[in-house]
Engineer: 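I am attaching a structure below and will ask some questions about it afterwards.
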Amino acid sequence: MSVRAPAAAETPDRAVRHRLSGEDAIRWTLVVVFAAVLYLFLLYPLGQVLWRSLLDNGGRFIGAANYIRYFSTPAIAASITNSLFVSAAAMVLTVALAFGYAYALTRTQMPAKGLFRVVAMLPLFAPSLVQAFALIYVFGNNGILTRATGLNVGIYGAKGIILAEVFYCFPHALLILMAALAATDARLYDAARTLGAGPLKTFLTVTLPGVKYGLVSASFVVFTLAITDFGAPKAIGGKFSVMATEIYNQVSGQQNFTMGATVSVVLLVPAVLAFVVDRLVQRRQYALVTSSSKPLVPGRRPLADWSLLAYCALIAGFIAAIYLVILVSSLVHRWPYNFGLTLKHYDFDTAGGYRALWNSIRVAALTAVAGTVLAFVGGYVVEKCRTAASGPLYLLSVLPVSVPGMVLGLAYIFTFNAPGSPLNALYGTLAILIISNVVHYFTVGFLTATTALKQMDAEFENVGASLGVPFYRTFWRVTVPIALPSIVAISMYFFLNAMVTLSAVVFIVAPGTELAAVAVLLMDDAGDTAQAAAMSVLIIATGLAVRSVYWLAMRGITRRTQAWTQGGAAAGEPS
Amino acid sequence: MSESAPAPAAVALEGIAKKFGAYVALRDITLSVTAGEFICFLGPSGCGKTTLLRIIAGLERQNAGTVRMAGRDVSGLPPALRNYGIVFQSYALFPNLTVGRNIAYGLETRRTGAAAIARRVDELLALVGLARHKDKYPAQLSGGEQQRVALARALAPSPALLLLDEPLSALDARVRQSLRHEIRGLQRRLGVTTVMVTHDQEEALTMADRIVVMNAGQVEQVGAPAEVYRRPRTPFVARFVGQMNFLSAVAGARSGWARVGAVELRHQPGFEAVPGGALTLAIRPEEITVGPAALHAENPLRARITAVQFLGAFTRLGLTVDGEGRTALECDVAATAFAELGVGEGADLPIALAPDALRAFPVPGPAA
Ligand SMILES: Nc1ncnc2c1ncn2[C@@H]1O[C@H](COP(=O)(O)OP(=O)(O)OP(=O)(O)O)[C@@H](O)[C@H]1O
Ligand SMILES: [Mg+2]
């Protein structure tokens, strides 16, 4: 045995460097480009918002004066408590309603589960304005129910916003809760039964604890969606001002950009907080499902099955009714006075009309392409080209999910509409709309990509390297084909969101680059509610059509890759 | 190893050290592998075998030391420029490519002719006996077949060096047995220098030309299997490779003698403690002489059988040696020989510890 002094002290802390090869140059180029994109289109613009909130409208530095004015002007400051109130209420309601629905879909033998699933997903295809429109058509001053019963429930304001947000956020919460409820171990239930626990006790001691992280996650997602949403409060909020509409009023109405920036910074706080807390909580979640877990096969419980069926039918009925009301109102002469059928509302005469729809489709398609490439390559850069930059790049990549669309839009005004800046070239183009969508929805795409990449054998690149095959070739021949289902899912996500988003683009559309969702807003503002409904129908129809194509593509991919996925080697499709 | 060969070593490591943060995974490893040799890194989990293999491969960067391949200093070269093939524990076969495509993967960027590639792929498929499976996907093959595809893929570009990280650990015992011979046979036929990592001593003993026994980031012993087995240099090696009985002893007045309880025993030369100082004696279970033969042998002892365990070809006896300090020993006796003894649990049994099988070591420190 060698009797030498421990070598630890003499060993340098830094590992030797390998000679840089052409491949390293490419790798570093990718890192730099990715970092530059995130800096230029995310970090720098957000910095601009922060900076502007410290200036007056003449550009002079005034410190916290804007904030002091914000908090001390009751009319504006009310938007903070209003926002917190409606978001918290929407959160509680949505998560509670979605939990029952998710439970019915995953843990019962209820019939027609597939149908209920599809109906619950409908809100994903519509701008958040649409839920509000439907509520107005039914409960508004001229709503069909109001007229029939003579009872005005006062839907404009907090009540309407909360209801609209509940339906808008429902599918998001449902997806998370279904995933949480599906991931369980039947053995826990067997154990509870052998220990003599009744249904209620089992529910409280096994089911609920098992999904607590899902509940937390769903709550934060709904809260963030609701507090950052602009469409619903704009359409149905009336005089009830929330932070997102306050930014819009300050910027679009009063041209008070610095106050818009101030409200934006304040709006960032709860969104970022919700995000950080959620990440901290999720980190504590250990794998509940191990390879030895037994999937739970729900047994028949007639009472539970039928009562939950009634419950789901009620909720699905409400959701379906929303879209039915929108469809009908777009097809009749004058809701609710004249129900004669007509297509005249589809003959748009304002807000860009069909050009806006066409622009939206182009923007959504290009967002899908650009977003997917950036998310997947970005995920690859962070996950597989482990460099010192990986950590910061990861943080920057997950940041967008907590940046409200209004804030991003305002940030883009400051950045791309600043006098004398070379970046102005982008202003007024479709490109800037695409960029803002890519950044706005980047996080989910990026996380889906990194999850898929993590599931792959870490040695693929090393095998390639040992065989003298450059990493980009292995990326193209192996990584991309294996991740194809995830890649297609990411592009679908970008497309659908780009079709319906309003908040991030409302500030940066320009004559010639109108978008359908913005057109809906403008038509509604101008009192053309029937045309707004007609445009909403076209947006939803486009989304559904593309989703069908996606479904067919997925079937094709699955069939083609069946041979090699038998061993379960392929990265699965994200939720 | 000490003879200076005219040709440079296929792989020569000099003073390799590796740290992960503050944790020292490898310290000062110096080692050389002769061309055509099959060498095994053997050691317990976490001792740094994989890390050392990955440093040779350039997949991990050492903090100090140099790696030479055939005389060329490759310490600073990225993996692609080192000319080796590697098989990972997981095989890392590309699931979306057929067996044939997997094997061709490393050829496609080097050779231009598609016909040449096809010929080489067929050659390798024949070599590993998988010609029938050329157009299947990895998921459609058994574990052993996948392993051979990984081997063929690594060998396809005719690398100068083959690196194997626990290539058999994911397989069941039967397949593992047959693949041991297959890999060894293949390696002999091709004459490719091979470094294999394993924590299975049997695997190392049956396959390797030389074994590098590692412990806690250091090399404990390098030698041919028989040498490592017969003459372990440290108690760690003695314990890790094969079975070993240890007896606490006190050095006697005569050089080469030690006392266990009341009995003086002669042991192998090699380690001497100061007279009266503590030392450890070691003997393998199958080296203990039992029965009448022991009565007239050197170093006789009287023992009592405390346990009898039938293990097929041989029987393992648990023994306690008479005298103070109830020393326990394990002893392997051929099943037929045990039957001839005609004794059972509780019986007294004369034994002898042959001096040339009785090794002496310093008393292990608290770390070992
Ligand atoms: N990337 C890493 N970061 C930090 N520590 C590491 C890393 N890789 C290895 N280690 C540590 O270095 C030590 C040696 O690891 P190594 O994988 O070489 O062990 P091994 O001998 O191959 O063990 P096994 O038989 O379990 O594969 C271990 O303690 C391990 O935890
Ligand atoms: Mg290992």
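Order of the sequence lines fixes the chain letters, A, B, ..., with proteins taken first and strands second; residue numbering starts at 1 for each chain. Everything numeric in this text was worked out from a predicted model, so none of it was measured.
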Engineer: Working to the nearest 0.5 Å, report the span between OG1 of A:T479 and CG of B:N96.
Structural biologist: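 Between atom OG1 of A:T479 and atom CG of B:N96 there are 9.0 Å.
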Engineer: Looking at every heavy atom in both A:A15 and B:K18, which two are closest together, and how far apart are they?
Structural biologist: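 The answer is CB-NZ, 4.3 Å.
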Engineer: Quick one: closest heavy-atom pair of A:F460 and B:P95, and the distance?
Structural biologist: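 Taking every non-hydrogen atom into account, CZ-CD, 3.6 Å.
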Engineer: Identify the heavy atoms of B:P78 and A:H18 that sit nearest to each other, and give their distance.
Structural biologist: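 That would be CA-ND1, 3.8 Å.
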Engineer: By salt bridge (charged side-chain N to carboxylate O under 4.0 Å, His left out), which residues pair with A:E459, not counting sequence neighbours?
Structural biologist: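 Here the qualifying residues are B:R54.
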Engineer: Test: side-chain hydrogen bond (donor to acceptor under 3.5 Å, both in side chains). Region: residues 162-171 of chain B. Which pairs qualify, not counting sequence neighbours?
Structural biologist: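 Listed once each, the pairs are B:T50-B:D165, B:Q89-B:S169, B:E166-B:H199.
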Engineer: Would one find more than 12 heavy atoms of other residues, nucleotides or ligands at under 6.0 Å from atom CZ of A:F475?
Structural biologist: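 Yes, because the 6.0 Å sphere around CZ of A:F475 holds more than 12 heavy atoms from other groups.
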Engineer: Between A:L467 and B:R153, which heavy-atom pair has the shortest distance, and what is it?
Structural biologist: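 Reported closest heavy-atom pair: CD2-O, 3.5 Å.
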Engineer: Should the heavy atoms of other residues, nucleotides or ligands under 6.0 Å from CZ of A:R477 be counted, would the total exceed 12?
Structural biologist: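 Enclosed: over 12 neighbouring heavy atoms sit under 6.0 Å from CZ of A:R477.
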Engineer: Below 4.5 Å from any heavy atom of chain A, which atoms of B:F88 appear? Answer side chain, backbone, both or neither.
Structural biologist: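 The side chain, not the backbone.
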Engineer: More than 12 heavy atoms of other residues, nucleotides or ligands under 6.0 Å from OH of A:Y39: is that the case?
Structural biologist: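 Atom OH in A:Y39 is not crowded, with 12 or fewer foreign heavy atoms closer than 6.0 Å.
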Engineer: Give a yes or no answer on whether the side chain of A:D13 reaches the backbone of B:K19 with a donor-acceptor pair at less than 3.5 Å.
Structural biologist: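 No, because the side chain of A:D13 does not come within donor-acceptor range (under 3.5 Å) of the backbone of B:K19.
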Engineer: Specify which of A:P470, A:S466, A:A465 makes the most heavy-atom pairs with chain B at under 4.5 Å.
Structural biologist: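 Going by pairs under 4.5 Å, I would pick A:S466.
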Engineer: Against chain A, label B:I86 side chain, backbone, both or neither, depending on which of its atoms sit under 4.5 Å from a heavy atom there.
Structural biologist: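 It is both, since atoms from each part get that close.
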Engineer: Is chain A contacted by the side chain of B:L93, its backbone, both, or neither, given a heavy-atom distance below 4.5 Å?
Structural biologist: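 Backbone only.
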Engineer: If I measure from the heavy atoms of chain A, does B:P138 come under 4.5 Å with its side chain, its backbone, both, or neither?
Structural biologist: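 Answer is neither: B:P138 stays 4.5 Å or more from chain A.
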Engineer: Where on A:R19 is there a heavy atom nearer than 4.5 Å to chain B: the side chain, the backbone, both, or neither?
Structural biologist: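 Contact with chain B is through both the backbone and side chain of A:R19.
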Engineer: Mind running side chain to side chain contact (heavy atoms under 4.5 Å, CB included) on B:F94 and A:V463 for me, showing each step along the way?
Structural biologist: CA-CA 10 Å; B:F94 303 132; A:V463 167; 3.9 Å; yes
Engineer: Side chain from CB out, backbone as N, CA, C, O: work out which of these in B:T98 comes under 4.5 Å of a heavy atom of chain A, or both, or neither.
Structural biologist: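 Neither part, no heavy atoms under 4.5 Å.
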Engineer: Specify which of A:V478, A:D457, A:D24 makes the most heavy-atom pairs with chain B at under 4.5 Å.
Structural biologist: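 Sorted descending by pairs with chain B, the first entry is A:V478.
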